[in-house]
Amino acid sequence: MVDIDPWSSDVSTDYDRIIQQFGLSSVPLAEIPNPSLHHRRDIIFAHRDLGNILQAHARGDSFGVMTGLMPSGQMHLGHKMVIDQVRWFQEQGADVTIAVADLEANATRGYSLAECRRLALEEYVANYVAMGLDPEKTQIYFQSSRPIVQRMGFTLGKRTNLSEFEAIYGFQGDTNLAHVQAPLVQAGDILHPQLEEYGGLRPIVVPVGVDQDPHLRLCRGLAGKTNWFNVIERKNGGLRITVSVMVENQSIVAADKSSTAAIFTQIIDAVKTLGYGDIMADAKHGIVDLPAATPKDRYPVRMALLTLERSLGGPGLLQPSSTYHRFAVGMTGGKMSSSKPETTIFLNESLDKMEKKFKRSFSGGQSTVEEHRRIGGNPDVDVAFQYLLFFFEEDDAALEEIRRAYVSGDLLSGELKAITIEKARAWLTELGEMRDQNAHLINQFLADDAQN
RNA sequence: GGGGGUAUAGUAUAGCCUGGUAGUACUACCGGCUCCAGACCGGUGGAGGGGGGUUCGAAUCCCUCUGCCCCCA
């Protein structure tokens, strides 16, 4: 994992390196409809397969967003960032599925399932509701009362092994097995919304921070390995479909010559409906080529093949898409961490406490007024400025004006802190009011299997 | 199935053998310096897994339970 140096003024370099190292893609701002503050400010800086989501959106097809919560501790600003993204996807038309990882919290943190439920509703869901998610389009469930996610985790476990877990998570011989099961159940969480019972085949996006990428990599790998048909880019242009023969589908796709031929006919029929005239099938080598297809066609071709796979009895799972956001700097200048209360603001923080935290937050100002006027402040490391950027100042022009004044030395650190405190005060106050006003809606967010 | 080790503050640890006010570092909190914060200087908090025993007195010795780690089969 790349270390992120919070002191570096040139943060983009680090994130560029992450993109390269993890094989992520940059976010195509121009293609994002109604870009949010996070997009405009490059806070959401990378993605995997976001194109699937954008295409589904453009076509008017359904798509979903998935997130989870671990019912332990308190919600803080780091959580707000994810919920803001979930809400944005919802506003663009996504259905929302939220997993309460109560099994995981129970196994690894020692909370009873009853405690998990209480904490999830009172601390987490209450804030989700307050932050404006739409109860009509949001389904919250508990891992413990949706056994299918455990079963999927079990089944998907066949596609990986301890060596991979060691490589991805650094697990070793002394690792508690609860930690081994958790990512598998989580893969079940992420993939199960595609099941017919939970909305059917459609792209699902998971917005996370880069530190969560290992989970996504695992989940995408597991889903991909179950696919009966692969879509790859041809060396000389177009797309190539290959058939993946495995124990599970051998009797269906490759029992004998006639069944193989039948499968190829179905593949050709499936892609024909997408409008490709030029289809070159080579059953002997197990490939179908679409020389005229473009990389963008990968999504509809993939969807057609997954639909075919399902009709043949396969799981037909689409790899989840993901987006990655930068982390706001912690209030003390280091990392933001829920286990260190002094590094963040809780969503139910008292106004006094919030003000105190900002007053003692790390600044990018100079040692004396004279020096500050002369040299100016550094907004890149200034907590008060960063929190306006990440959370509290919606207006780009206003933010830019503050940045200009701070850099020039016109604005002192103390004055900047006062601005941020006022913004945070307004936000926290409103959030508290919304929590109270909307508390009665909490049950509407719960899926049927999450009701008491 | 058998054997060994270990449990001290939010974190990392010292003290245990040889019983006598539990020490240190970071963190937290307060003050100084700073426009504010950091850095720096000064100060203040906070701890021996649970139960039992021995003893005037147990973190320390003994038993037991629990958790964690390791070895053998």
Side-chain angles (χ1 to χ4, degrees), chain A residues 3-11 70 72-78 104-112 115 119 123 162 165-166 169-182 211 327-346 348-393 399 401-425 428:
Chain A
D3 266 349
I4 298 160
D5 177 6
W7 303 97
S8 167
S9 55
D10 191 8
V11 282
M70 172 84 86
S72 68
Q74 289 175 279
M75 278 191 86
H76 56 80
L77 286 178
E104 189 175 343
N106 176 250
T108 65
R109 314 253 170 133
Y111 291 94
S112 74
E115 282 171 319
L119 198 58
E123 176 66 25
L162 284 174
F165 273 44
E166 188 183 335
Y169 300 107
F171 288 172
Q172 293 182 0
D174 60 1
T175 301
N176 189 308
L177 289 194
H179 292 295
V180 177
Q181 303 206 47
D211 62 327
F327 294 107
V329 65
M331 306 217 45
T332 51
K335 282 186 178 141
M336 187 188 283
S337 161
S338 38
S339 59
K340 293 183 185 170
E342 69 276 12
T343 63
T344 188
I345 303 279
F346 294 108
N348 60 357
E349 194 92 62
S350 76
L351 297 180
D352 280 353
K353 193 91 181 126
M354 174 277 291
E355 183 169 341
K356 257 191 182 162
K357 284 184 175 180
F358 271 114
K359 281 194 169 159
R360 48 180 44 247
S361 71
F362 187 74
S363 89
Q366 306 301 336
S367 295
T368 63
V369 178
E370 294 71 36
E371 209 180 327
H372 188 85
R373 296 288 186 213
R374 186 158 48 84
I375 305 176
N378 179 359
D380 292 338
V381 298
D382 192 285
V383 170
F385 183 83
Q386 288 295 310
Y387 279 45
L388 288 176
L389 174 80
F390 272 77
F391 307 112
F392 299 127
E393 181 52 79
L399 184 73
E401 174 52 28
I402 291 171
R403 178 200 289 275
R404 193 207 56 71
Y406 196 52
V407 169
S408 74
D410 290 346
L411 187 66
L412 295 177
S413 300
E415 295 165 343
L416 174 55
K417 284 183 179 179
I419 294 172
T420 305
I421 287 168
E422 269 324 297
K423 284 279 184 183
R425 184 193 302 279
L428 276 180

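Chain identifiers are assigned alphabetically (A, B, ...) following the order of the sequence lines, protein sequences preceding nucleic acid strands; residue numbering begins at 1 within each chain. As a basis for the values below, the full set of heavy atoms in this structure was taken, side chains included, without hydrogen atoms, waters or symmetry mates.
Among B:rC35, B:rA37, B:rA28, the nucleotide with an atom closest to any side-chain atom of A:T368 is B:rC35. Taking every side-chain heavy atom of A:H372 into account, B:rC35 is the closest of B:rU27, B:rA37, B:rC35. Residue A:F362 has its side chain nearest to B:rG38 when only B:rG38, B:rC36, B:rC35 are considered. Nearest nucleotide to the side chain of A:K356, out of B:rG38, B:rU27, B:rC30: B:rC30.
The gap from the P atom of B:rA9 to that of B:rG15 amounts to 16 Å, rounded to the nearest Å. B:rC41 and B:rU60: their P atoms are spaced 38 Å apart (whole Å). The separation of B:rG23 from B:rG5, taken at their P atoms, amounts to 29 Å, rounded to a whole angstrom. Comparing B:rA22 with B:rU64, their C1' atoms sit 25 Å apart, to the nearest whole Å. For the C1' atom pair drawn from B:rG1 and B:rC56, the interatomic distance equals 45 Å after rounding to whole Å. B:rC29 sits 7 Å from B:rG45 when the C1' atoms are compared, rounded to a whole Å. Across B:rA14 and B:rA7, the matching P atoms stand 9 Å from one another, rounded to whole Å. Annotation: B:rC68 and B:rG32 have their C1' atoms spaced 45 Å apart (nearest Å).
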Counting only pairs under 3.5 Å, give me each side-chain donor-acceptor contact of residues 407-417 of chain A, with atom names and distances, residues two or more places apart or in other chains.
from, atom 1, to, atom 2, distance (Å)
A:S408, OG, A:R404, O, 3.3
A:S408, OG, A:A405, O, 3.0
A:S408, OG, A:D410, N, 3.3
A:S408, OG, A:D410, OD2, 3.3
A:S413, OG, A:Y406, OH, 2.8
A:E415, OE1, A:L412, N, 2.8
A:K417, NZ, A:K359, O, 3.2
A:K417, NZ, A:S361, O, 2.8

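Base-pair partner of B:rU6: B:rG67 (Watson-Crick or G-U wobble, both distances under 3.5 Å). Of all nucleotides present, only B:rA12 satisfies the Watson-Crick or G-U wobble test against B:rU24, with each distance under 3.5 Å. Base-pair partner of B:rU18: not found among the strands shown (Watson-Crick or G-U wobble, both distances under 3.5 Å). Of the nucleotides present, B:rG53 is the one that pairs with B:rC61 by Watson-Crick or G-U wobble criteria, both distances under 3.5 Å. Base pairing analysis places B:rA47 opposite nothing; no Watson-Crick or G-U wobble pair with both distances below 3.5 Å involves it. Look at B:rG1: its Watson-Crick or wobble partner, with both distances under 3.5 angstrom, is B:rC72.
Nucleotide B:rG67 is shown with an anti base, its glycosidic torsion being more than 90° from 0.
Taking CZ from A:F358 and CE from A:M331, the interatomic distance works out to 4.0 Å, rounded to the nearest 0.5 Å. The line from CZ of A:F327 to CG of A:D211 is 3.5 Å long, rounded to the nearest 0.5 Å.
Of the side-chain N and O atoms in A:R360, one or more sit less than 4.0 angstrom from OP1 or OP2 of B:rC29.
The aromatic rings of A:F392 and A:Y387 lie tilted to each other, with the angle between the two planes from 30° to 60°.
The pair A:E422-A:R425 meets the salt-bridge criterion, since a charged nitrogen lies less than 4.0 angstrom from a carboxylate oxygen. Ion pairing between a basic and an acidic side chain is recognised when a charged N comes within 4.0 Å of a carboxylate O; A:K357 and A:E342 show no such pairing.
When the P atom of B:rC35 is taken as reference, atom CZ of A:F358 falls 22 Å away, rounded to whole Å. In this structure, OH of A:Y387 is placed 17 Å from P of B:rA37, rounded to the nearest angstrom. Straight-line distance from the CE atom of A:M331 to the C1' atom of B:rG38: 14 Å, rounded to whole Å. Atom CZ of A:R374 and atom C1' of B:rU34 are 16 Å apart (whole Å). The distance from atom CZ of A:R373 to atom P of B:rC36 is 13 Å, rounded to the nearest whole Å. The distance from atom CD of A:E370 to atom P of B:rC36 is 12 Å, rounded to the nearest whole Å.
Between A:M336 and A:H76 the shortest heavy-atom distance is SD-ND1, 3.8 Å. Across all non-hydrogen atoms, the minimal contact from A:L77 to A:F391 is O-CE2, 3.5 Å.
Of the residues in residues 409-416 of chain A, those placing a heavy atom less than 4.0 Å from an atom of RNA chain B are A:L412, A:S413, A:G414, in numerical order.
Taking a 6.0 Å sphere around CG of A:L162, one finds it holds 12 or fewer heavy atoms contributed by other residues, nucleotides or ligands.
At a threshold of 4.0 angstrom between heavy atoms, the contacts of A:K359 are confined to the sugar-phosphate backbone, with no base atom among them.
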